[in-house]
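Each ligand, and each atom within it, is numbered from 1 in the order the structure gives.
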Amino acid sequence: MLRYHALMAMPSRLLSVTRTLCSAALKFDGAVSMVQGASRGIGLEFVKQLLENNDKGHVVATCRNPNGSTGLINLKDRFAERLSILQLDVTMENSIEATARSIKETYGRLNLLINASGILSIPEVLQPETTLSKVEKSSLMLAYEVNAVGPILVIKHMWPLLKVGGGYGTEKDVAVVASLSARVGSIGDNRLGGWHSYRSSKTALNQLTKTISVEFARKKDPIACILLHPGTVDTDLSRPYQRNVPQDKLFTKEFSAQKLLSTINNVKRHDNGKFFAWDGQEIPW
Ligand SMILES: NC(=O)c1ccc[n+]([C@@H]2O[C@H](COP(=O)([O-])OP(=O)(O)OC[C@H]3O[C@@H](n4cnc5c(N)ncnc54)[C@H](OP(=O)(O)O)[C@@H]3O)[C@@H](O)[C@H]2O)c1
């Protein structure tokens, strides 16, 4: 809390901004986290662990169809006071703007933003390509729109709300933005080829995130923007492609989310713009 004489020494415009932030922040002691892409899979597991592991933390979970996510509805029954569920489709920018307005009105800030949404395949619409001859313009554009453009627009609209105090607690000196990428998005690590649309959409997400991180650093904005590879995780996304994955390399969503939250919680300012695997190791671009 700011002391009285410190408030009196402030210019009036800054004072009114500070009063607004203080009055909003006063209602909520703990960190305010947003998980985008929270209906199922790793995103839903992030919401669960953030709520279970921090009894003061508030979580805003967003998804395309809140009424269709039984996982989120069950969590709302358990954590009615600390969980908000909002509708957001990353391909609809007005839904992103509406979410930012709602968070501003209710909480006044965000300490942690996780972009967990993503697509790899959609029956009859999008299939991971095995050869150049299967590459279609529509698949490339769809993967870029959902996996690269969408998460960046989310960061753009949440940026004014991002304040220090990320991770589980409120002790950090940076707000954290973590987007789920994939190791296959690494150009340096590309030895197998294939999956042109998904792979290159994650590469685009990586470059856009790196570019944002440079701007945050240049403006001395205390935000650490990172990319995370969750490992191969047993979810709807990976299920059709798990046949050749050794059992010990196929993670549960509980294990992966726990490892990623541990990395998020340990993020320091100098980690801004880095790409980490589930075990905390940096991945080459
Ligand atoms: N699972 C893995 O092995 C693996 C490996 C590497 C990277 N990843 C990345 O990790 C992230 C999470 O994957 P997952 O395995 O949890 O996948 P998942 O179980 O298929 O969940 C994907 C999530 O993305 C959401 N989504 C899709 N399109 C959206 C849109 N237009 N707007 C908002 N949300 C949208 C889905 O919502 P709906 O329910 O509405 O469809 C769902 O909540 C993804 O970015 C993925 O690329 C996963």
Side-chain angles (χ1 to χ4, degrees), residues 34-49 60-73 75 85-96 98-99 113-123 125-126 128 141-155 157 178-186 189 192 195 197-206 208-209 226-246 249-257 259-261 263-264 275-279 283:
M34 169 174 167
V35 182
Q36 185 282 115
S39 63
R40 55 197 167 94
I42 305 168
L44 177 62
E45 185 59 28
F46 276 135
V47 176
K48 181 167 172 279
Q49 293 192 20
V60 179
T62 72
C63 63
R64 291 194 286 189
N65 176 16
N67 294 329
S69 171
T70 47
L72 281 179
I73 292 166
L75 284 176
I85 305 172
L86 299 176
Q87 195 277 337
L88 188 156
D89 182 328
V90 293
T91 65
M92 315 275 278
E93 193 168 1
N94 56 358
S95 74
I96 304 174
T99 299
L113 165 61
I114 299 178
N115 271 314
S117 60
I119 50 169
L120 169 60
S121 65
I122 300 175
V125 176
L126 175 68
M141 299 306 274
L142 179 59
Y144 291 164
E145 184 179 25
V146 176
N147 293 344
V149 178
I152 294 310
L153 291 178
V154 172
I155 299 172
H157 289 293
S179 297
L180 289 199
S181 182
R183 188 185 287 277
V184 297
S186 162
D189 195 61
L192 292 176
W195 291 19
S197 300
Y198 182 73
R199 190 186 281 282
S200 57
S201 68
K202 292 295 190 182
T203 310
L205 172 67
N206 291 357
L208 286 162
T209 306
I226 61 167
L227 294 145
L228 295 171
H229 167 61
T232 303
V233 186
D234 184 15
T235 63
D236 296 339
L237 181 140
S238 69
R239 204 147 291 134
Y241 314 99
Q242 290 175 2
R243 204 157 34 102
N244 297 323
V245 181
K249 295 269 177 353
L250 181 62
F251 300 151
T252 62
K253 53 190 186 308
E254 290 81 3
F255 174 80
S256 176
K259 298 297 273 185
L260 297 178
L261 282 173
T263 295
I264 287 171
F275 181 16
F276 294 108
W278 59 274
D279 57 0
I283 299 176

So which protein residues pack against ligand 1 under 4.0 Å, heavy atoms counted? Gln36, Gly37, Ser39, Arg40, Gly41, Ile42, Arg64, Leu88, Asp89, Val90, Thr91, Ala116, Ser117, Gly118, Ile119, Val146, Leu180, Ser181, Ala182, Tyr198, Lys202, His229, Pro230, Gly231, Thr232, Val233, Thr235, Asp236, Leu237, Ser238
Using the rule given for salt bridge (Lys or Arg N to Asp or Glu O under 4.0 Å), can you reason through Asp234 versus Arg239, listing the C-alpha separation, both sets of side-chain angles and the distance that settles it, and then say yes or no? CA-CA 6 Å; Asp234 184 15; Arg239 204 147 291 134; 3.3 Å; yes
Tell me every residue that passes side chain to side chain contact (heavy atoms under 4.5 Å, CB included) with Ile119, counting only those two or more places apart in sequence or in another chain. Ile122, Leu126, Leu142, Val146, Asn147
Distance-only, no hydrogens or angles: does the Glu254 side chain make a donor-acceptor pair with backbone N or O of Glu45 under 3.5 Å? no
So does Arg64 get a backbone contact from the side chain of Gln87, meaning a donor-acceptor N/O pair under 3.5 Å? yes
Once salt bridge (charged side-chain N to carboxylate O under 4.0 Å, His left out) is applied, do any residues pair with Arg40, and if so which ones, sequence neighbours excluded? Asp236
For Gln36, all residues meeting side chain to side chain donor-acceptor pair (under 3.5 Å), sequence neighbours excluded: Asn115, Ser117
